[in-house]
Number of protein chains: 2
Amino acid sequence: MTGLQAPHALKVGELAKAVGVSTDALRYYERAGLLPPPDRSPAGYRLYPPSAADRVHFIQGCQRLGLRLAEIADLLDVRDTGQCPCEPAESLLRRRIVELDRELDRLTRLRSDLQAMADQLHGADCPDPDPGTWCPPGSKNMKEVTDDGHQKGLPLLR
Amino acid sequence: MTGLQAPHALKVGELAKAVGVSTDALRYYERAGLLPPPDRSPAGYRLYPPSAADRVHFIQGCQRLGLRLAEIADLLDVRDTGQCPCEPAESLLRRRIVELDRELDRLTRLRSDLQAMADQLHGADCPDPDPGTWCPPGSKNMKEVTDDGHQKGLPLLR
DNA sequence: GTTGACCTTGAAGTGGGCTCCAAGGTTTAA
DNA sequence: TTAAACCTTGGAGCCCACTTCAAGGTCAAC
Ligand SMILES: [Zn+2]
Ligand SMILES: [Zn+2]
Ligand SMILES: [Zn+2]
Ligand SMILES: [Zn+2]
């Protein structure tokens with residue numbers, strides 16, 4: 001409506017509301033090199049072009065994929081040059097998939113460990129143990145010791 | 001061998017080496033309330049009883065389960081009182097399992113999204129796009145826009 | 001008696017992605 | 001005219017589990 005500086009320019013709060021992030025986050029993206037320094041109004045207010053909204057959407061999409069801001073900045077640099085983005089994007093994605101597989105593996109094993117512990121706990125007859133010397137509740141291996149000679153704690157808490 | 005202060009007392013470096021953490025971490029655990037303040041030698045050196053090693057092992061085991069230090073501190077408090085630990089342990093475990101399930105779900109969906117993107121990327125014929133206007137590589141929906149009227153980026157990067 | 005490995009303390013730094021604050025200047029509506 | 005609602009900046013704070021630093025004191029070996 002104003003049209004003085006540029007058509008449809010957005011002040012920082014307007015952009016923030018449009019894309020659903022805080023104004024602080026937008027200024028942070030600028031410092032981090034994800035958003036180029038926008039034009040300023042005579043009073044020094046940031047005036048973003050409408051395309052900035054797409055840029056922030058892109059950032060948000062990348063974040064949903066688990067990419068870090070530094071990686072997103074790399075992608076945006078490529079995007080700005082107009083070069084084919086497939087190569088960097090593909091290697092980023094593959095790296096991230098490998099990370100995810102490792103993490104999924106770790107969490108899956110962890111989950112089954114926790115489940116095993118919780119199951120043991122549930123059926124336990126449980127007299128109070130000696131203070132400071134757990135007491136694997138309901139376990140027959142209370143007296144077992146680890147290879148360095150210490151008493152075992154809860155199962156898997158060696 | 002010394003036996004002056006206490007039998008088999010460990011200096012901080014000895015305990016650290018025995019359990020495989022840094023001396024700084026041990027002092028940090030003390031500040032955080034996970035390790036009780038140990039006796040001191042005349043020179044002010046920390047002298048840990050051998051049971052401190054078990055305590056640290058317990059901490060490490062809990063950490064492997066993904067528990068935070070504050071939660072571990074709660075468990076240790078119970079352990080020190082000699083009360084039956086099943087109740088707090090069980091609710092901690094259940095809470096953690098729920099967290100894990102949510103996280104596993106999230107990561108699994110993420111992984112399949114990334115895989116889909118990587119697959120699209122691979123078979124793409126790819127002319128360089130216009131700068132700043134990606135260019136969903138190899139996608140037929142280049143012209144699609146999101147519900148707020150902006151151009152779509154890479155698939156799933158809306 | 002001197003080197004060097006150990007120990008002490010409090011404070012500050014790390015990383016990631018922000019958030020919050022103070023102390024101002026600007027714009028807009030009443 | 002003045003209040004409210006915006007905007008600016010630099011810098012600090014947050015979370016977590018540490019690590020690193022600075023500036024010393026202590027203890028063993030040679
Ligand atoms: Zn391409
Ligand atoms: Zn042990
Ligand atoms: Zn019990
Ligand atoms: Zn949009």
Side-chain angles (χ1 to χ4, degrees), chain A residues 1-6 9-35 37-48 52 55-56 58-76 92 96 99 103, chain B residues 1-5 9-35 37-48 52 55-56 58-76 96 99 103:
Chain A
M1 302 278 185
T2 61
L4 284 176
Q5 298 297 319
L10 298 162
K11 285 189 283 185
V12 69
E14 294 167 338
L15 177 57
K17 194 167 294 183
V19 297
V21 305
S22 73
T23 59
D24 279 319
L26 291 178
R27 277 175 292 220
Y28 178 77
Y29 293 157
E30 185 177 330
R31 265 177 311 179
L34 296 172
L35 294 180
D39 290 339
R40 299 297 184 113
S41 78
Y45 288 16
R46 287 173 177 79
L47 294 178
Y48 292 97
R55 201 176 177 88
V56 177
F58 181 81
I59 293 170
Q60 291 174 305
C62 289
Q63 281 189 304
R64 261 182 263 133
L65 299 180
L67 300 183
R68 279 165 268 199
L69 293 192
E71 297 170 320
I72 301 173
D74 291 344
L75 279 179
L76 284 168
L92 269 183
R96 183 84 186 108
E99 281 176 22
E103 185 71 357
Chain B
M1 301 280 186
T2 60
L4 283 176
Q5 297 299 320
L10 298 162
K11 285 189 282 185
V12 70
E14 294 167 337
L15 177 57
K17 195 166 293 180
V19 298
V21 305
S22 73
T23 61
D24 285 311
L26 291 178
R27 275 175 291 215
Y28 178 76
Y29 291 158
E30 185 178 329
R31 270 185 320 222
L34 296 172
L35 295 180
D39 290 338
R40 298 298 184 114
S41 78
Y45 288 15
R46 286 173 179 80
L47 294 177
Y48 292 97
R55 201 174 177 88
V56 178
F58 181 80
I59 294 170
Q60 291 174 304
C62 289
Q63 282 189 303
R64 259 181 265 134
L65 298 182
L67 300 183
R68 280 167 269 197
L69 293 193
E71 296 170 321
I72 302 173
D74 291 344
L75 279 179
L76 282 168
R96 184 86 186 106
E99 282 176 22
E103 185 71 357

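Side chains included, hydrogens not; waters and symmetry mates left out as well; all remaining heavy atoms used. Every chain is numbered from 1 and lettered A, B, ... according to where its sequence line falls, protein lines coming before strand lines.
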field: Closest non-hydrogen atom pair, Leu26(A) against Tyr48(A)
entry: CB-OH, 4.4 Å
- request: Starting at atom CG of Leu47(B), determine the distance to atom P of dC6(C), rounded to an integer number of angstrom.
  value: 16 Å
- request: Ignoring backbone atoms, test whether Arg46(A) places a side-chain nitrogen or oxygen under 4.0 Å from the OP1 or OP2 oxygen of dT8(D).
  value: yes
task: Check whether any side-chain N or O of Arg27(B) sits under 4.0 Å from OP1 or OP2 of dT8(C), and answer yes or no.
output: yes
Interatomic distance where CG belongs to Leu35(B) and C1' belongs to dC18(D) [whole Å]: 14 Å
- request: Walk me through it: do Leu69(B) and Gln63(B) pass the test side chain to side chain contact (heavy atoms under 4.5 Å, CB included)?
  value: CA-CA 8 Å; Leu69(B) 293 193; Gln63(B) 282 189 303; 3.6 Å; yes
- request: Please report, rounded to the nearest Å, how far the P atom of dA5(C) is from the OH atom of Tyr45(B).
  value: 14 Å
- prompt: Atom CG of Asp39(A) to atom C1' of dC7(D): distance rounded to whole Å?
  reply: 16 Å
Polar atoms only, N or O, under 3.5 Å: list the protein pairs with nucleotides 18-21 of chain C and their distances.
unit_1	atom_1	unit_2	atom_2	d
dC18(C)	OP2	Tyr29(A)	OH	3.0
dC18(C)	OP2	Gln63(A)	NE2	2.7
dT19(C)	OP2	Ser22(A)	OG	2.4

- prompt: Which heavy atom in Pro37(B) sits nearest to a heavy atom in Glu30(B), and how many Å separate them?
  reply: CA-OE2, 3.8 Å
statement: Tightest non-hydrogen contact, residues Leu75(B) and Cys62(B), listed as CD1-SG, 4.1 Å
field: From CG (Asp74(A)) to CZ (Arg68(A)), nearest 0.5 Å
entry: 11.5 Å
field: For atom CD of Glu14(A) and atom P of dT28(C), their distance in whole Å
entry: 10 Å
Can you check nucleotides 13-15 of chain D for protein contacts, nitrogen or oxygen pairs under 3.5 Å, and list what you find?
none

message: Could you measure the distance from the CG atom of Leu35(B) to the CD1 atom of Ile59(B)? Nearest 0.5 Å is fine.
response: 4.5 Å
- prompt: Quick one: Lys17(B) NZ to dC6(C) P, roughly how many Å, whole number?
  reply: 6 Å
Contacts table for residues 14-25 of chain B: side-chain donor-acceptor under 3.5 angstrom, sequence neighbours left out:
unit_1	atom_1	unit_2	atom_2	d
Glu14(B)	OE1	Lys11(B)	N	2.8
Ser22(B)	OG	Asp24(B)	N	3.4
Ser22(B)	OG	Ala25(B)	N	2.9
Thr23(B)	OG1	Arg27(B)	NH2	3.1
Asp24(B)	OD1	Arg27(B)	NH2	3.4

- prompt: How far apart are the closest heavy atoms of Arg96(A) and Gly66(A), and which atoms are they?
  reply: NE-O, 3.2 Å
message: Please find the pair of heavy atoms, one from Arg55(A) and one from Leu34(A), that lie closest to each other, and give the distance.
response: NE-O, 2.8 Å
message: Please determine whether a side-chain nitrogen or oxygen atom of Arg40(B) lies at a distance below 4.0 Å from atom OP1 or OP2 of dT9(C).
response: yes
Atom pair distance, as rounded to whole Å: CD in Glu30(A) and C1' in dC7(D): 13 Å
